[in-house]
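Atom set for the values below is all heavy atoms of this structure, side chains included, hydrogens, waters and symmetry mates excluded.
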Amino acid sequence: MIVLLPPSETKHPGGDGPPIRLDSLRHPELAPMRAALVDELVELAADKTACSRALGLSASQHAEIERNAMLRSAPTMPAINRYTGVLYDALDVTSLTGAAAGRARARLAVGSALFGLLHADDSVPAYRLSATSKLPGQPALATRWRPLLEPVLARMAADELVVDLRSGSYASLGRLPDAVRVEVVSERADGQRAVVSHFNKAHKGRLARILASTRSEPADAGAVTTIARRAGMRVERNGNQLTVVVPA
């Protein structure tokens with residue numbers, strides 16, 4: 001099983017790994033696009049106004065531009081430790097130990113606007129590029145990534161069950177129609193439901209932790225549902241679509 005996570009715009013700084021080697025990342029067929037995007041971001045960082053516009057940055061976020069300027073020389077850390085925020089706080093991968101930690105590092109992957117697809121131990125620098133960014137003179141990132149990323153995802157899904165927790169914009173970079181999809185809804189006492197927005201990430205992070213560390217090897221959406229329910233989550237299933245129901 002692969003649990004496919006969205007990235008986060010916020011990243012932990014620094015790292016103790018050497019500068020990035022794109023040829024060391026999994027899925028080397030994505031290397032040419034990765035290299036092109038890295039080069040574009042480094043070049044764009046020389047023009048702070050254009051970079052801020054393309055990446056949707058405010059005046060207080062110019063440190064993000066410096067990160068992109070240093071992409072080829074900055075220290076790296078494993079991707080699963082690089083990302084931060086609500087989902088990754090709930091996942092809390094660094095608190096897993098022993099066999100559970102090993103299973104998590106084998107199962108967790110991240111959809112990335114810059115690198116396409118990362119596995120937990122792929123070492124990357126801090127960067128700023130979101131799925132909705134529009135680099136000057138270039139087509140949309142989804143247009144650029146889909147022809148390359150979708151075959152990689154399809155091969156991965158042919159070998160293992162994929163639970164896709166990506167948000168819509170990141171799922172658009174590489175569609176995976178046969179994956180198990182998850183939404184989070186809140187339910188009021190009168191039974192009315194609404195899609196959860198911000199805290200959606202926390203509940204998906206909790207589910208990711210459960211799935212990443214379980215001893216079970218689920219083969220389908222039904223088995224994923226069973227694992228989540230045993231861990232105390234309220235989950236409904238409709239084919240490959242799972243709905244996590246939480247109190248309003």
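Using a 4.5 Å cut-off between side-chain heavy atoms of Ile, Leu, Val, Met, Phe, Trp and Tyr, with links allowed through other members, V110 and V86 fall into different hydrophobic clusters. Under the 4.5 Å side-chain heavy-atom criterion for ILVMFWY residues, a single connected hydrophobic cluster contains both L96 and L108. V185 and V246 are assigned to two separate hydrophobic clusters, defined by single-linkage of ILVMFWY side chains at heavy-atom distances under 4.5 Å. When the side chains of ILVMFWY residues are joined at heavy-atom separations under 4.5 Å, either directly or via intervening members, L141 and V152 end up in a single hydrophobic cluster. Hydrophobic clustering of Ile, Leu, Val, Met, Phe, Trp and Tyr side chains at less than 4.5 Å, counting indirect connections, keeps L55 apart from M70.
Side chains of V163 and L165 form a contact here, defined as non-hydrogen atoms less than 4.5 Å apart. Considering only heavy atoms from C-beta on, P6 stays 4.5 Å or farther from K204 through its side chain. The closest side-chain heavy-atom distance from S52 to H62 is below 4.5 Å. Looking at E9 and E64, their side chains never come closer than 4.5 Å, going by heavy atoms from C-beta outward. Between R193 and R188, every side-chain heavy-atom pair lies at or beyond the 4.5 Å cut-off. Annotation: side chain of R128 is in contact with side chain of L57 (closest heavy-atom distance under 4.5 Å). At a threshold of 4.5 Å between non-hydrogen side-chain atoms, the residues V93 and N81 count as touching.
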Before giving the answer on salt bridge (charged side-chain N to carboxylate O under 4.0 Å, His left out), spell out for D39 and R72 the whole-Å C-alpha distance, their side-chain angles and the decisive distance to 0.1 Å.
CA-CA 9 Å; D39 287 344; R72 289 200 176 274; 3.0 Å; yes

Decide side-chain contact (heavy atoms from CB on, under 4.5 Å) for L44 and N68; before the verdict, give the C-alpha distance in whole Å, the side-chain angles of both, and the deciding distance to 0.1 Å.
CA-CA 8 Å; L44 183 61; N68 283 358; over 6 Å; no

Pair M1-L211, side-chain contact (heavy atoms from CB on, under 4.5 Å): steps then yes or no:
CA-CA 9 Å; M1 172 179 59; L211 297 178; 3.9 Å; yes

Could you go through R155 and E29, starting from their C-alpha distance and side-chain angles, then the distance that decides it, and tell me whether this counts as salt bridge (charged side-chain N to carboxylate O under 4.0 Å, His left out)?
CA-CA 12 Å; R155 287 193 294 273; E29 59 268 53; 2.6 Å; yes

Checking side-chain hydrogen bond (donor to acceptor under 3.5 Å, both in side chains) for the pair S112/Y127: CA distance, chi angles, key distance, verdict?
CA-CA 11 Å; S112 165; Y127 66 92; 3.0 Å; yes

Step-by-step side-chain contact (heavy atoms from CB on, under 4.5 Å) determination, V180 to D164
CA-CA 6 Å; V180 177; D164 191 352; over 6 Å; no

Test L22 against I20 for side-chain contact (heavy atoms from CB on, under 4.5 Å), laying out the working first.
CA-CA 6 Å; L22 295 175; I20 191 167; 3.7 Å; yes

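Under a 3.5 Å cut-off, the side chain of S95 and the backbone N or O of D92 do form a donor-acceptor pair. The backbone N or O of G174 lies less than 3.5 Å from a partner atom in the side chain of R166, making a donor-acceptor pair. At least one donor-acceptor pair closer than 3.5 Å links the side chain of Y170 to the backbone N or O of A131. Side chain of T84 to main chain of K11: no donor-acceptor pair is present (N/O by atom type, distance under 3.5 Å, no hydrogens or angles). The main-chain N or O of V235 is found under 3.5 Å from a side-chain atom of R229 such that the two form a donor-acceptor pair. Under the 3.5 Å distance criterion, the side-chain polar atoms of N240 are left unmatched by any main-chain donor or acceptor of A221. Between the R21 side chain and the D23 main chain, no donor and acceptor come within less than 3.5 Å of each other. A distance-only check finds no donor-acceptor pair linking the side chain of D122 to the backbone of L25 [under 3.5 Å]. Side chain of K48 to main chain of A45: no donor-acceptor pair is present (N/O by atom type, distance under 3.5 Å, no hydrogens or angles). At distances below 3.5 Å, at least one donor-acceptor pair connects side-chain atoms of R107 with backbone N or O atoms of T214.
Contact detail for H12 and A126: the closest heavy-atom pair is O-CB, 4.1 Å. The two atoms that bring S172 and S169 nearest to each other are OG-O, 2.6 Å, heavy atoms only. Minimum heavy-atom separation, A157 to L176: CB-CD1, 3.9 Å. Between C51 and I65, the shortest heavy-atom distance links the atoms SG-CG1, 3.8 Å. Listed here is the closest heavy atom pair of L117 and L30: N-CD1, 4.0 Å. Between A248 and S186, the closest heavy-atom pair is CA-CB, 3.9 Å.
Of the N and O atoms on the side chains of S133 and S130, at least one donor lies less than 3.5 Å from an acceptor on the other residue. In the model, T243 has no side-chain atom that pairs as donor or acceptor with a side-chain atom of E236 under 3.5 Å. Side chains of T76 and R82: a donor-acceptor N/O pair is absent below 3.5 angstrom, by distance only.
Separation of atoms CG (L135) and CD (E43) is listed at 10.5 Å; rounding is to 0.5 Å. In this structure, I227 CD1 and E217 CD are separated by 8.5 Å, a value rounded to the nearest 0.5 Å. In this structure, the separation between CD on E150 and CH2 on W145 is 12.5 Å, given to the nearest 0.5 Å. Distance check: L161 CG to M156 CE gives 10.5 Å after rounding to the nearest 0.5 Å. Between the OH atom of Y83 and the CG atom of L91 there is a distance of 13.5 Å, given to the nearest 0.5 Å. Considering CD of E160 and CD1 of I2, their distance stands at 4.0 Å, rounded to 0.5 Å.
Salt bridge present: R144 and E40 bring a charged side-chain N and a carboxylate O closer than 4.0 Å.
Within 6.0 Å of the CG atom in N238, the count of heavy atoms belonging to other residues, nucleotides or ligands does not exceed 12.
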